[in-house]
Amino acid sequence: MAKELTTRAQDYSQWYNDLVIKGELADYSAVRGCMVIKPYGYALWENMRDVLDKMFKDTGHQNAYFPLFVPKSLFEAEEKNAEGFAKECAVVTHYRLIADPNNKGKLMVDPEAKLEEELIVRPTSEAIIWNTYKTWIQSYRDLPILVNQWANVVRWEMRTRLFLRTAEFLWQEGHTAHATSVEAIAETKQMLQVYADFVENWMAVPVIKGVKTANERFAGAEDTYCIEALMQDGKALQAGTSHFLGQNFAKAFDVKFSDQNNKQEYVWATSWGVSTRLIGGLVMTHSDDEGLVLPPRIAPIQVVIVPIFKGEEQKQVLDEKVGELVKSFKAAGIRVKYDNSDHARPGWKFAEYELKGVPIRIAIGARDLENQQVELARRDTKEKFSVAMEGLTQTVENLLVEIQANLFERAKNYRDEHITKADTWDEFLNILDNKTGFVLAHWDGTAETEDKIKELAKATIRCIPLDNPLENGKCILTGNASTQRVLFARAY
RNA sequence: CGGGAAGUAGCGCAGUCCGGUAGCGUACCUGGUUUGGGACCAGGUGGUCGCAGGUUCGAAUCCUGUCUUCCCGACCA
């Protein structure tokens, strides 16, 4: 029978969970806060990863891999970074289990096997990487170092949510080392642009690029740049960050180089990352009450073909005809699935692939063969229409491009309609409570005011948008002078 | 971590108050009829009732502890 989905209007959180689980992206596991990413969800991640990986390599980066564990003494070297992450670290204290003498068949931690020094399971890898870079860098000729790693990290979050905030998650983290501040800042901005390009052009999720306030900055960074997306419930999601780390880590780990004049200088650093959280953002940007809606460029299956037949004879005729179509699609680089399984009827398959967000469905039966046509259905608009078999591959290719563009356009319209200017505190609250979305408002630039607004309105400054227009105004809370509006929202 | 809810067959649930042979729907298996929007008939398979203790002649049910999940908060570089 039907897989019942909660609708967005009924319960947005439950709708999201239903989609992730029933759409077979991921599932809960026996481990607190950790999820199992299922094959369909992992295929989506692989597509995203492959595109990003190519973008990183095209901008001169190489992949490497660093250890999962960070010795506590290294972890604590950069004070702000350590302090920021300390309260959510998993810590390894022992290296052996033994049979429990008081509890048959059970194991216990061997008290004799305590580590000399605790190992921190990485919540991020700056420490272990900068400790390594120290041995890689002597001269300006060793710079820049442009390295990325694909890895898992662990952050012991209080409350977890599938993809959006899990205790363990997959991500990439770029860590670069430069001779000058100018070059490092350029790298930080370049990678922010790479993220924005990827998220907008491949995931069809519009983002606002900006810089974080001091309060929201990455622990140990001089500046944190970010891309912010807007979900369908009007809440913001930080989709990626790129940090200019200054010389903080170089100083903490004593990483110096000799410049052209043989003068010793500290190295300048950046780090940048996106994670499986992007999948959560993708789901909440495009999907609807019938299920997932995936953008064609990263969808694991772009086209599904469902045969409609009476009896084995008809099926064989269809198998043959569809075989040709599949071959032609694959030759054009289209990810296609032909579902001629006999255990489910067409109606069931239609619903199933809608739930899974497959962009295009093609139904083909005896009637279509006669008329030399197929029935095409778009997931994004739910439209169905008959098209000629002749030139079908081209038709599908064009439609995939159109769907991709439509999803972005739709999301962008929603996002743009939900950027509202507020000039008074009442207006500000009213927008957050009722219209929801981003609010552009004046802020006096102090951390105290920012904290107070967060406390009173549960909204944070998502970023100060890049190329933000200057405009004199009064802080929405204190009435103090302000030179620009900043972007507020309630956020995930 | 605070408040609330939940965990019984793959999934969704009833049974728990008031202890006495574990049930329903769906899925799955077999056979048949079907197939243009989640098919129908018939016959079957499948569960240490989250886990660990305790009370009792007897525990899904009562008691204690613990793990996991969801919702609302706090937290979220």
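Side chains included, hydrogens not; waters and symmetry mates left out as well; all remaining heavy atoms used. In what follows, every chain begins at residue 1, and chains take the letters A, B, ... in the order their sequences are listed.
Nucleotides B:G65 and B:G23 have their C1' atoms positioned 30 Å apart, rounded to a whole Å. B:G43 and B:U35 have their C1' atoms separated by 23 Å, given to the nearest Å. B:A52 and B:G15 are spaced 24 Å apart, taking the C1' atom of each and rounding to whole Å. Across B:G54 and B:A14, the matching C1' atoms stand 28 Å from one another, rounded to whole Å. Comparing the same atom, C1', in B:G19 and in B:U61 gives a spacing of 6 Å after rounding to whole Å.
In this structure, A:D289 atom CG and B:G38 atom P are separated by 19 Å, rounded to whole Å. The CG atom of A:D18 sits 14 Å away from the P atom of B:C11 (whole-angstrom rounding). Counting to the nearest Å, the C1' atom of B:C71 and the CG atom of A:L164 are 15 Å from each other. Regarding A:M158, its CE atom lies at a distance of 9 Å from the C1' atom of B:C76, rounded to whole Å. One can place CG of A:D339 at 16 Å from P of B:G37, the figure rounded to the nearest angstrom. Note: CG (A:N215) to C1' (B:C75) measures 15 Å, nearest angstrom. Between the CD1 atom of A:I308 and the C1' atom of B:U34 there is a distance of 14 Å, given to the nearest Å. In this structure, the CD atom of A:E168 is 17 Å from the C1' atom of B:U68, given to the nearest Å.
Judged by atom type and distance alone, A:K384 does not reach the base of B:G36 through any side-chain donor-acceptor pair under 3.5 Å. Under 3.5 Å, the side chain of A:E354 and the base of B:G37 form at least one donor-acceptor pair of N or O atoms.
Relative orientation of the A:F56 and A:Y195 rings is perpendicular, given thresholds of 30° and 60° on the angle between their planes. Taking the six-membered ring where tryptophan is involved, the planes of A:W272 and A:H61 are perpendicular, since the angle between them exceeds 60° and thus also 30°.
Heavy atoms of A:K458 sit under 4.0 angstrom from primed sugar atoms or phosphate atoms, though from no base atom. Residue contacts shown for A:R32 are limited to sugar-phosphate atoms, with no base heavy atom under 4.0 Å away. Nucleic acid contact class of A:V306 (heavy atoms, under 4.0 Å, all strands): none. A:A366 comes within 4.0 angstrom of a nucleotide base, judged by non-hydrogen atoms across all strands. If you check every strand for non-hydrogen atoms under 4.0 Å, A:A351 touches a base. Nucleic acid contact class of A:N17 (heavy atoms, under 4.0 Å, all strands): sugar-phosphate only. Among the protein residues, A:E290 comes within range of no part of the nucleic acid, since none of its heavy atoms lies under 4.0 Å from any strand. Counting any heavy atom pair closer than 4.0 Å across all strands shown, A:G33 reaches sugar-phosphate atoms only and no base atom. A:E216 comes within 4.0 angstrom of no nucleic acid atom, judged by non-hydrogen atoms across all strands. Looking at heavy-atom distances under 4.0 Å, A:R159 makes contact with a base. Across all strands shown, A:R361 has heavy atoms under 4.0 Å from base atoms, whether or not it also approaches the sugar-phosphate. Heavy atoms of A:Y28 sit under 4.0 angstrom from primed sugar atoms or phosphate atoms, though from no base atom.
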Check: ring pair (Phe, Tyr, Trp, His ring centres under 6.0 Å) between A:F428 and A:F488: does it pass, once the steps are laid out?
Finding: CA-CA 9 Å; A:F428 182 71; A:F488 285 91; 5.0 Å; yes

Next item on the list: Assess whether salt bridge (charged side-chain N to carboxylate O under 4.0 Å, His left out) is satisfied between A:K209 and A:E228, documenting all intermediate values.
Entry: CA-CA 7 Å; A:K209 289 174 286 188; A:E228 293 284 327; over 6 Å; no

Next item on the list: Evaluate salt bridge (charged side-chain N to carboxylate O under 4.0 Å, His left out) for A:D380 paired with A:R378, printing each intermediate quantity in order.
Entry: CA-CA 6 Å; A:D380 61 336; A:R378 290 175 65 148; 2.6 Å; yes

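Positionally, the nearest nucleotide of RNA chain B for A:S29 lies more toward the 5' end than for the other of A:S29 and A:Q238. Summary of the strand contacts: A:S13 and A:T124 both lie near RNA chain B, and taking for each the nucleotide with the nearest heavy atom, the more 5' one is attributed to A:S13.
Phosphate proximity of B:G36 to A:R367: absent, as no side-chain N or O sits under 4.0 Å from OP1 or OP2. Contact annotation: A:R165 does not reach the phosphate of B:C75 (side-chain N/O to OP1 or OP2, under 4.0 Å).
Figure legend. B:U16 is base-paired to no nucleotide; pairs are counted as Watson-Crick or G-U wobble with both atom distances under 3.5 Å. In this structure B:U68 sits in a base pair with B:A6, meeting the Watson-Crick or G-U test at under 3.5 Å.
In terms of heavy-atom proximity, A:I308 sits nearest to A:A363 at CD1-CB, 3.9 Å.
For the salt bridge (charged side-chain N to carboxylate O under 4.0 Å, His left out) test with A:D288, the passing option among A:R379, A:R8, A:K382 is A:R379; the others fail.
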